[in-house]
Amino acid sequence: MKTIVISAGRNIGPHPMPAEEWQRLRLAVARILDRVNAQVFTRDAIGFGEWVGDDHQVIKEESVTYSAAVTDGALDQIQRDLQQLAQQFKQEAIALIVGESVLVRG
């Protein structure tokens, strides 16, 4: 099992995508996790982030984050699905962080 974090921003370039499209992107990420039977810990957590554009300008935007545990075999499918979403929703990228869970006991 791997722990993953998926984070996507709302902007298309420097401008926020329309609310309905933003909702569709968020639901599409949730469906990707459902299709691979992920154990979802955080779903549709809204926050704010920033990224640096090609022109080196810092762009602030609303973002959504999901965290989940998935099988190693699901990672390739998740990456392909996120790549399609990035294209479909005109995203420069969607972040996928893959790691090992460590339980820290007291």
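The analysis underlying the following values was restricted to heavy atoms, covering all of them including side chains, and did not include hydrogens, waters or symmetry mates. Residue numbers start at 1 and run along the sequence shown.
Side-chain N or O atoms of Tyr66 include one that pairs as donor or acceptor with a backbone N or O of Arg26 at under 3.5 Å. The backbone N or O of Met17 sits less than 3.5 Å from a side-chain atom of Arg10, completing a donor-acceptor pair. A donor-acceptor pair under 3.5 Å is absent between the side-chain atoms of Glu50 and the main chain of Val58, judged by distance alone. Checking side-chain atoms of Gln91 against main-chain N and O of Asn11 turns up a donor-acceptor pair under 3.5 Å.
Taking the side chain as every heavy atom from C-beta outward, Ile6 and Thr65 never approach each other to under 4.5 Å. Looking only at side-chain heavy atoms (C-beta outward), Glu21 and Phe89 come within less than 4.5 Å of each other. With a 4.5 Å cut-off on side-chain heavy atoms, Leu82 and Gln84 do not count as touching.
Both Ile46 and Val29 belong to a common hydrophobic cluster when Ile, Leu, Val, Met, Phe, Trp and Tyr are linked at side-chain heavy-atom distances under 4.5 angstrom. Both Leu33 and Val98 are assigned to one and the same hydrophobic cluster, defined by single-linkage of ILVMFWY side chains at heavy-atom distances under 4.5 Å. Transitive grouping of hydrophobic side chains (ILVMFWY, heavy atoms separated by less than 4.5 Å) keeps Phe41 and Leu75 in distinct clusters. In this structure, Ile59 is not a member of the same hydrophobic cluster as Ile12, with clusters built from ILVMFWY side-chain heavy atoms closer than 4.5 Å.
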For the pair Ile4 and Ile97, evaluate side-chain contact (heavy atoms from CB on, under 4.5 Å) and give the outcome as yes or no after the intermediate values. CA-CA 5 Å; Ile4 63 167; Ile97 301 167; over 6 Å; no
Show your working on side-chain contact (heavy atoms from CB on, under 4.5 Å) between Trp22 and Val64 and close with a plain yes or no. CA-CA 10 Å; Trp22 177 229; Val64 65; 3.8 Å; yes
May I have the step-by-step check of salt bridge (charged side-chain N to carboxylate O under 4.0 Å, His left out) for Asp81 and Arg31, ending in yes or no? CA-CA 10 Å; Asp81 289 348; Arg31 282 193 299 272; over 6 Å; no
Go through Arg80 and Gln83 one step at a time and tell me if the side-chain hydrogen bond (donor to acceptor under 3.5 Å, both in side chains) criterion holds. CA-CA 5 Å; Arg80 285 191 300 270; Gln83 184 179 32; over 6 Å; no
Take Val70 and Met1, measure what side-chain contact (heavy atoms from CB on, under 4.5 Å) needs, and give me the verdict at the end. CA-CA 6 Å; Val70 299; Met1 293 290 276; 5.9 Å; no
Are Ile32 and Ile78 close enough, and set up right, to give a side-chain contact (heavy atoms from CB on, under 4.5 Å), and what steps lead you there? CA-CA 7 Å; Ile32 288 170; Ile78 292 168; 4.2 Å; yes
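In this structure, Glu20 places its CD atom where only 12 or fewer heavy-atom neighbours from other residues, nucleotides or ligands lie under 6.0 Å away.
Across Gly9 and Leu25, no two heavy atoms sit closer than the pair O-CD2, 4.0 Å. Minimum heavy-atom separation, Ser7 to Ile94: O-CG2, 3.5 Å. Nearest heavy atom pair, residue Thr3 against residue Glu100, reads OG1-C, 4.4 Å. Across Ala38 and Ala68, no two heavy atoms sit closer than the pair CB-CB, 4.0 Å.
We find the CZ-NZ distance between Phe48 and Lys60 to be 11.0 Å, quoted to the nearest 0.5 Å. Considering CD of Gln77 and OG1 of Thr71, their distance stands at 11.0 Å, rounded to 0.5 Å.
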